[in-house]
Amino acid sequence: MSGQAVLSKLLELRTRRPSKRVTLVVSIVAAIAVVVLSVVSIGSLELTWSEINQSAAVICILVGFFQIPLNAAEYRLSSRFAGAVVGWRDSIRTTAIASAANILPVPAGAAVRIQGLRRSGAGTGSSVAGTGAIATIWLAVSAAGSSIVLFTLGSPGPALGFTALFAVAASIAVLAIRSCQARDAKLVASTIALETVYVGFAALRFWLALRTINVDATASEVLVIASGSPVASAAGVVPGALGVLEGLAAGAAELVDLPGSSGFLSAALLRGFAFFTSGVALAWIGLEHLRPSRDLASQPPEPTDGERIK
């Protein structure tokens, strides 16, 4: 069974209940594959035990699980932008599958989210716009934070670059929001607040990853290093954005006078830890799906093209 076939089967678990055997087999196959990727990814770094702060590594892995509800909260906001109603359990399922789908050499993560919104009653245009609004607001908030930090650290050139990135991302976000089914100020404010938390969370994970390889960094420094996360996330045409986040983190580390290699290694470690988190989440999908789901019971059937919201 190919990776695309496995993920396609998993997406079907959102809206219908296949046999227990199919559910468990597909989930276990996907979970094992992603966990193996985690082991291979971390092993390829060739770090010895003496080079790793094991306590920081364990904490970094555990903290990584908080990304699951954060991703689900983002998805729920994108569903509101798109004019659909999605529950928490359904959001966790969809975003867990989307995270694993990012490994494929296509923009599969975004496709899974968009398809999930369409199955929840939103039109294709609103689904794309809602997903794009979330992504560009995240990028704008991250760029704004990095710009402020770099100005404070006395690096006006890079700071102006991040300011320009903020302007571009904010402009695209405004256009995306205007194309959404819902676009009230409270919803936009909630999204900005959530993405501010997400930027801080990404910085925390990078700080823990740097501590794992025994590199000390300040809050300001890790905020800049983590700024590549939204850019790498948008690079869906690259399988799992492989190399994109690492390269951006290496460049950002040098902007704050840290070795580029430390930024590269921390990003590579986070990728390996994220594969493990995705594997656990996929296993949960199979086991949790065996219980009755209020979200699925309350969801409307998938509308026809003529019934979809524009």
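Note that this is a predicted model, so its numbers are computed, not measured. Computed from heavy atoms alone, side chains included, the values below leave out hydrogens, waters and symmetry copies.
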Run the side-chain hydrogen bond (donor to acceptor under 3.5 Å, both in side chains) test on Thr94 and Arg113 for me, step by step, so that the C-alpha distance in whole Å, both residues' side-chain angles and the decisive distance to 0.1 Å come before the verdict.
CA-CA 7 Å; Thr94 302; Arg113 287 179 171 86; over 6 Å; no

Side-chain (Ser147) to main-chain (Ala144) donor-acceptor, under 3.5 angstrom:
no

Between Arg76 and Ser91 the two heavy atoms that sit nearest each other are CG-OG, 3.1 Å

Spell out, yes or no, whether Phe151 and Val141 are grouped together once hydrophobic residues are joined by side-chain heavy atoms under 4.5 Å, including indirect joins.
no

Dump the intermediate steps for side chain to side chain contact (heavy atoms under 4.5 Å, CB included) on Leu153 and Leu255, then the final yes or no.
CA-CA 10 Å; Leu153 295 176; Leu255 289 178; over 6 Å; no

May I have all residue pairs that pass side-chain hydrogen bond (donor to acceptor under 3.5 Å, both in side chains) and include part of residues 188-204, sequence neighbours excluded?
Gln67-Tyr198, Asn71-Tyr198

Indicate the atoms forming the closest heavy-atom contact of Leu187 with Asp184, along with that distance.
N-OD2, 2.9 Å

For residues Val215 and Ser262, report the shortest heavy-atom separation together with the two atoms involved.
CG2-CB, 4.0 Å

Any link between Ile59 and Phe206 through a network of hydrophobic side chains (Ile, Leu, Val, Met, Phe, Trp, Tyr) touching at under 4.5 Å?
yes

List for me each residue that meets ring pair (Phe, Tyr, Trp, His ring centres under 6.0 Å) alongside Trp207, sequence neighbours excluded, and say none if there are none.
none

Any side-chain heavy-atom pair from Ser229 and Leu245 closer than 4.5 angstrom?
yes

Hey, does the side chain of Tyr75 reach the backbone of Leu117 with a donor-acceptor pair shorter than 3.5 angstrom?
yes

Are Leu150 and Leu160 linked, directly or through intermediate hydrophobic residues, by side-chain heavy-atom contacts shorter than 4.5 Å (ILVMFWY only)?
no

Counting only N and O atoms by type, is there a donor-acceptor contact under 3.5 Å from the side chain of Ser146 to the main-chain atoms of Ala143?
no

So how far is it from Thr131 OG1 to Ile114 CD1, rounded to the nearest 0.5 Å?
4.5 Å

Salt bridge (charged side-chain N to carboxylate O under 4.0 Å, His left out) contacts in which one or both residues fall within residues 203-218, not counting sequence neighbours
Arg211-Asp216

4.5 Å side-chain heavy-atom contact, Cys60 and Leu270:
yes

In residues 133-140, what donor-acceptor pairs under 3.5 Å come from side-chain atoms, sequence neighbours left out?
unit_1: Thr136; atom_1: OG1; unit_2: Gly132; atom_2: O; d: 2.7
unit_1: Thr136; atom_1: OG1; unit_2: Ala133; atom_2: O; d: 3.2

Checking side chain to side chain contact (heavy atoms under 4.5 Å, CB included) for the pair Ser227/Leu248: CA distance, chi angles, key distance, verdict?
CA-CA 8 Å; Ser227 64; Leu248 291 171; over 6 Å; no

Heavy-atom closest pair (Leu258 atom, Ala217 atom, distance to 0.1 Å) is CD1-CB, 4.0 Å

Would a distance-only check, ignoring hydrogens and angles, find a side-chain to backbone donor-acceptor pair under 3.5 Å from Ser126 to Ala122?
no

Below 4.5 Å, heavy atoms only, C-beta onward: do Val85 and Ser79 meet side chain to side chain?
no

side-chain hydrogen bond (donor to acceptor under 3.5 Å, both in side chains) involving Ser155 - partner list, sequence neighbours excluded:
none

Less than 4.5 Å apart, side chain to side chain, heavy atoms only: is that true for Ile177 and Val188?
yes

Atom CZ of Phe65: over 12 foreign heavy atoms under 6.0 Å
yes

Could you state whether Leu282 and Ile61 fall into the same hydrophobic cluster, counting links through intermediate Ile, Leu, Val, Met, Phe, Trp or Tyr residues with side-chain heavy atoms under 4.5 angstrom apart?
yes

Hphob cluster co-occupancy, Leu208 + Ile68, side-chain heavy atoms under 4.5 angstrom:
yes

Just verifying a value: how many Å separate Gln115 CD and Ser120 OG, rounded to the nearest 0.5 Å?
9.5 Å

Closest heavy-atom contact between Ser78 and Gly130?
CB-O, 3.7 Å

Among residues two or more places apart or on two chains, list those pairs meeting salt bridge (charged side-chain N to carboxylate O under 4.0 Å, His left out) that have a residue in residues 275-286.
none

Heavy atoms, side chains only, cut-off 4.5 Å: are Thr95 and Glu74 in contact?
no

Within the side chain of Ser179, is there an N or O that forms a donor-acceptor pair under 3.5 Å with the backbone of Leu175?
yes

